[in-house]
Amino acid sequence: MENLRKILGRRITEMRKSLKLTQADLAKEIGVSSPQIISQIEQGKREVGAWELAKFAKILRTTTNTLLDIAEPKPLPEVLWRRIPEQEEIKKADFLKHCQEYHDLERLNDIAPYENVPREKMDFNKADYQDITQLAERISRDISLGARPAAMLERALEDRYGVKVWYMYLGKDGSAASTVGTFGYAILMNSMEALWRRNYNFAHEVFHLVTWYSEKPDVLRNDEQLWQKVERFAEFFASCLLLPGDPLTLAFDKRIKKSSINYTDFIEIAREFDVSTEALLYRLLNLRRLTRKDVDRLLGDPQFRDMDRSTMSKSWWSPPELPERFVRLAFIAYKKGRITRARLARYLNTSLFDLDDLLKEYGLNDREDCKIKVRYT
DNA sequence: GAGCAATTGCCATTGAATTC
DNA sequence: GAATTCAATGGCAATTGCTC
């Protein structure tokens with residue numbers, strides 16, 4: 001038993017340090033009065049009670065099984081951040097824990113393996129914008145995104161490829177992240193983003209997933225010049241994916257009357273494609289439908305900016321606390337008897353008392369299920 | 001078996017020493 | 001200087017042994 005105590009202590013130390021917490025921080029979170037107690041636990045000199053173990057698991061973003069497992073835990077998957085957020089380690093641990101839970105729910109529901117996310121092995125040093133355009137066209141065709149891709153993209157990646165999408169507050173200056181692990185592909189989005197920016201960021205992260213195996217994340221992190229280039233590619237990819245050339249030029253050309261076009265038409269097209277007006281204008285510049293002078297004049301015109309802003313508030317969208325698909329999977333696993341009601345509440349990060357209210361928010365009702373006989377051939 | 005006192009072991013607290 | 005560890009001390013709950 002002594003050995004198990006030491007293993008548990010060592011594991012707590014490792015996980016605490018990976019989250020950049022001190023013994024004093026952990027003592028405060030756990031609810032013990034002094035860091036000396038944490039020191040004793042980490043050295044295997046003090047027993048850990050069952051309720052304490054559960055608290056350690058929650059605070060260290062892991063499971064009691066992992067804390068007690070004799071086998072060495074596998075290294076955590078890399079997370080590719082757009083911009084490193086505050087408390088990166090905590091956010092990374094939360095994100096990866098959600099991804100694992102998501103995957104566990106998929107398995108509990110016997111969900112068959114998904115189609116593989118299209119992969120592109122790209123040499124970022126040699127690639128050019130023509131390659132990125134072709135890649136966006138290919139991905140758009142593979143995923144069958146159609147003429148208005150933004151409306152389809154997230155749903156298609158979730159349902160068809162099992163990409164896990166999670167929303168979290170990542171600060172006001174905007175960030176997002178992507179990762180690939182044993183749980184599959186996952187994207188972390190900033191819950192503070194407006195709809196049009198969100199779509200763009202999402203498409204940006206899709207680029208990182210598609211090219212995930214082109215270069216190791218730590219290589220990208222340590223080569224600033226290369227990273228900047230890849231980020232420009234990702235932005236351009238997002239632009240091409242969400243604003244496909246033919247449908248966009250068609251939408252643009254049909255609004256031209258006597259060689260001119262109204263400000264409201266630009267705004268309408270941007271809303272139609274669910275992107276910002278800036279993104280639209282730069283894409284039209286790229287497609288040679290506008291000149292650099294036109295774009296600068298529009299973006300510098302306060303009247304255009306006012307008209308644009310006045311239509312934004314109506315389109316504001318705030319994501320649900322938990323992904324709807326994740327809630328649905330947890331609920332179905334519960335209804336099938338694969339998880340208890342208490343575990344369902346834990347997955348949904350709520351209490352048993354508030355569980356029904358939370359389910360109702362997602363349009364789910366904990367009524368007794370019924371069966372009908374069907375003919376099966 | 002119930003009640004009580006003595007014993008034991010674990011834990012929290014405090015202050016000081018050591019390590020990083 | 002902050003974080004961590006060590007050692008001493010007291011409190012509390014569980015256990016043990018005894019008496020009725």
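A, B, ... follow the sequence lines: proteins, then strands. Residue 1 opens every chain.
By the 4.5 Å heavy-atom criterion applied to side chains, A:M122 and A:V210 are not counted as neighbours.
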**Request:** Run the numbers on A:E278 and A:R305 for salt bridge (charged side-chain N to carboxylate O under 4.0 Å, His left out), then give the verdict.
**Result:** CA-CA 10 Å; A:E278 281 93 338; A:R305 290 293 200 178; 2.6 Å; yes
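Sequence neighbours left out, the pairs with a member in residues 233-257 of chain A that pass side chain to side chain donor-acceptor pair (under 3.5 Å) are A:H204-A:E235, A:D253-A:R289, A:R255-A:E268, A:R255-A:E272.
Close to C:dT4, at under 4.0 Å from its OP1 or OP2, lies no side-chain N or O of A:S39. Dashed line: the shortest gap from a side-chain N or O of A:R46 to OP1 or OP2 of C:dT5 is not under 4.0 Å.
The CD atom of A:Q40 sits 17 Å away from the P atom of B:dG9 (whole-angstrom rounding). Summarising the geometry, the separation between CG on A:L26 and P on C:dT4 is reported as 10 Å, rounded to the nearest angstrom. Here C:dT5 presents its P atom at 12 Å from CD1 of A:I41, a figure rounded to the nearest Å. Residue A:Q36 contributes atom CD, which lies 15 Å from atom P of B:dC11 at whole-angstrom precision.
With C:dT4, B:dA12, C:dT5 as the choices, the nucleotide that has an atom nearest any side-chain atom of A:Q43 turns out to be C:dT5.
A cation-pi geometry, defined here as NZ or CZ lying under 6.0 Å from the six-membered ring centre and within 45° of its normal, holds between A:R119 and A:Y213. Cation-pi contact between A:R160 and A:Y114: absent, since separation from the ring centre below 6.0 Å together with deviation from the ring axis within 45° is not met.
Between A:F207 and A:F124, the ring planes lie tilted relative to each other; the angle falls in the 30° to 60° range.
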Report each atom pair, protein N/O against N/O of nucleotides 18-20 of chain B, whose distance is under 3.5 angstrom.
none

